[in-house]
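Below is one structure, written out as structure tokens, with a few remarks after it.
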Amino acid sequence: MIILSLLPILIVFIIVAFGIGIIRSNTKISFGTKKIRWILAGYIMILAIATVISLSVLPSYKNDQKVATAAEMNKIENAQNRAVNNLYSGNLDDLDRAFSEKKKWSFPFNEKSLDIVLTEGETGIMSVFAERKNTNDGEIEASYFVGKSYIDGVDFTNELHPPELLLNGQQLTVNNPTLVTVSFSRFSPGFAYSQFSEGGHFSQENRSSVIGRDFILLKVPNEIEIKGNISWINE
């Protein structure tokens, strides 16, 4: 850590020393007139200052993940929509391929009926699917599934918060996830270069966003009566 903190100082020292050497150069192998040497030395000084500034503004965390293209994100979005549509028809085959299980809950429950209350938050109302178990084991299981989300091709799915599930007597309350603020910066080619390069400024190939689908899947004992705005699977 000490070496890294001294690196900018060392770079500036070398560049400044080289610039001073140019100014004081009186050897036959020179860089031209005194005026030119001053200009060159001044330019080197500017580079030294720019080096320090650039090193100081670099982020403390660097993410080297691959930036998704518009075609890749479109494919992911279509897979999520297809999997959710299949859930409505009772088909779970595409679930694991399009979504990841972000959180699980387990609630002991021995009542005859369950009221599910969905609270409306800043992102609307959470979608809830439910399926009955083959047994009456006295336990409600819940899983939160989330699809990949991208901003400008950068995957920020791991930054999303799960919803809150609260069981009070015969009532299960589902509170929507809180909003997430994501701040990031990305280097990209300048306009003068990108307008003439392949996949450049006008293609917008990597500039798109996808907000992933999310939902809760409940597994309930087979003899419980369920009340609430949910969608049943395999029933």
Side-chain angles (χ1 to χ4, degrees), residues 57-70 72-88 92 94-109 111 113-131 139-186 206-220 224 226-233:
V57 300
L58 286 176
S60 57
Y61 172 73
K62 182 181 179 182
N63 190 345
D64 292 324
Q65 66 172 296
K66 178 179 177 292
V67 177
T69 65
E72 290 170 339
M73 287 184 286
N74 185 59
K75 183 178 180 180
I76 290 171
E77 187 174 32
N78 289 338
Q80 292 181 25
N81 292 335
R82 182 169 57 252
V84 170
N85 290 335
N86 288 341
L87 282 177
Y88 282 108
L92 282 74
D94 295 328
L95 182 62
D96 293 334
R97 288 192 291 267
F99 294 91
S100 58
E101 189 179 45
K102 193 173 182 66
K103 187 172 182 178
K104 296 182 67 173
W105 297 264
S106 180
F107 303 102
F109 192 81
E111 305 293 337
S113 63
L114 175 68
D115 294 328
I116 299 178
V117 178
L118 308 179
T119 61
E120 185 171 0
E122 297 171 302
T123 56
I125 298 177
M126 177 64 59
S127 297
V128 177
F129 294 87
E131 64 174 342
E139 184 179 53
I140 296 174
E141 300 174 44
S143 297
Y144 175 56
F145 287 91
V146 60
K148 286 187 175 296
S149 293
Y150 295 88
I151 294 179
D152 204 11
V154 178
D155 186 351
F156 68 100
T157 310
N158 291 335
E159 306 298 326
L160 301 178
H161 300 312
E164 181 184 43
L165 270 64
L166 302 173
L167 180 63
N168 184 14
Q170 295 178 265
Q171 179 175 295
L172 178 64
T173 303
V174 180
N175 295 321
N176 251 26
T178 57
L179 290 178
V180 176
T181 300
V182 180
S183 300
F184 65 93
S185 59
R186 195 180 75 187
N206 290 329
R207 303 193 179 273
S208 182
S209 299
V210 171
I211 304 302
R213 304 284 295 270
D214 63 341
F215 57 88
I216 290 174
L217 176 60
L218 295 177
K219 295 182 179 181
V220 299
I224 293 180
I226 304 294
K227 301 176 183 178
N229 186 22
I230 65 172
S231 300
W232 284 101
I233 296 176

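What you see is a predicted model; the values in this text were computed from it and never measured.
- From Asn168, atom CG reaches atom CZ of Phe107 across 11.5 Å, with rounding to the nearest 0.5 Å.
- Of the possible polar contacts, none joining the Asn74 side chain to the Ala70 backbone as a donor-acceptor pair under 3.5 Å is found.
- Considering every non-hydrogen atom in both Tyr150 and Met73, the closest pair reads CB-SD, 3.4 Å.
- With hydrogens and angles left out, the side-chain atoms of Gln171 and Thr173 include a donor and acceptor closer than 3.5 Å.
- Side chain of Gln80 to backbone of Arg213: a donor-acceptor contact under 3.5 angstrom is found.
- For Leu118 against Asn229, the heavy-atom pair with the smallest separation is CD1-O, 3.3 Å.
- The side-chain heavy atoms of Asp214 and Leu160, taken from C-beta on, include no pair separated by under 4.5 Å.
- Put simply, CD on Glu159 and OG on Ser149 are 11.0 Å apart, with the number rounded to the nearest 0.5 Å.
- Of the residues listed (Lys219, Glu139, Glu141), the one engaging Ser106 in a side-chain hydrogen bond (donor to acceptor under 3.5 Å, both in side chains) is Glu139, and it is the only one.
- Rounding to the nearest 0.5 Å gives a distance of 5.0 Å between CD1 of Ile140 and CD1 of Ile224.
- Between Phe215 and Phe145, the two ring planes are parallel [angle under 30°; tilted spans 30° to 60°].
- Contact record, Gln170 with Phe109: CA-CE1, 4.0 Å, taken as the closest heavy-atom pair.
- Partner of Phe99 under the side-chain contact (heavy atoms from CB on, under 4.5 Å) criterion, out of Val84, Leu217, Val146: Val84 alone.
- From Ile230, atom CD1 reaches atom CZ of Phe129 across 10.5 Å, with rounding to the nearest 0.5 Å.
- For the atom pair Glu131 CD and Ile233 CD1, the distance stands at 5.5 Å (nearest 0.5 Å).
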For this session: I would like to know whether Trp232 and Ile226 meet side chain to side chain contact (heavy atoms under 4.5 Å, CB included); could you show each step before the answer?
Result: CA-CA 10 Å; Trp232 284 101; Ile226 304 294; 3.5 Å; yes
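- Using modelled atom types, no side-chain atom of Asn86 and backbone atom of Leu92 make a donor-acceptor pair closer than 3.5 Å.
- Across all non-hydrogen atoms, the minimal contact from Tyr144 to Pro177 is OH-CG, 4.1 Å.
- Contact detail for Ile216 and Pro163: the closest heavy-atom pair is CD1-CG, 3.9 Å.
- Looking at every heavy atom in both residues, Leu218 comes nearest to Val128 through CD1-CG1, 3.8 Å.
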Problem set entry | Val210/Lys148 under side chain to side chain contact (heavy atoms under 4.5 Å, CB included): CA gap, chis, key distance, verdict | CA-CA 8 Å; Val210 171; Lys148 286 187 175 296; over 6 Å; no
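- Expressed to the nearest 0.5 Å, how far NZ of Lys227 lies from CD1 of Ile116 amounts to 12.0 Å.
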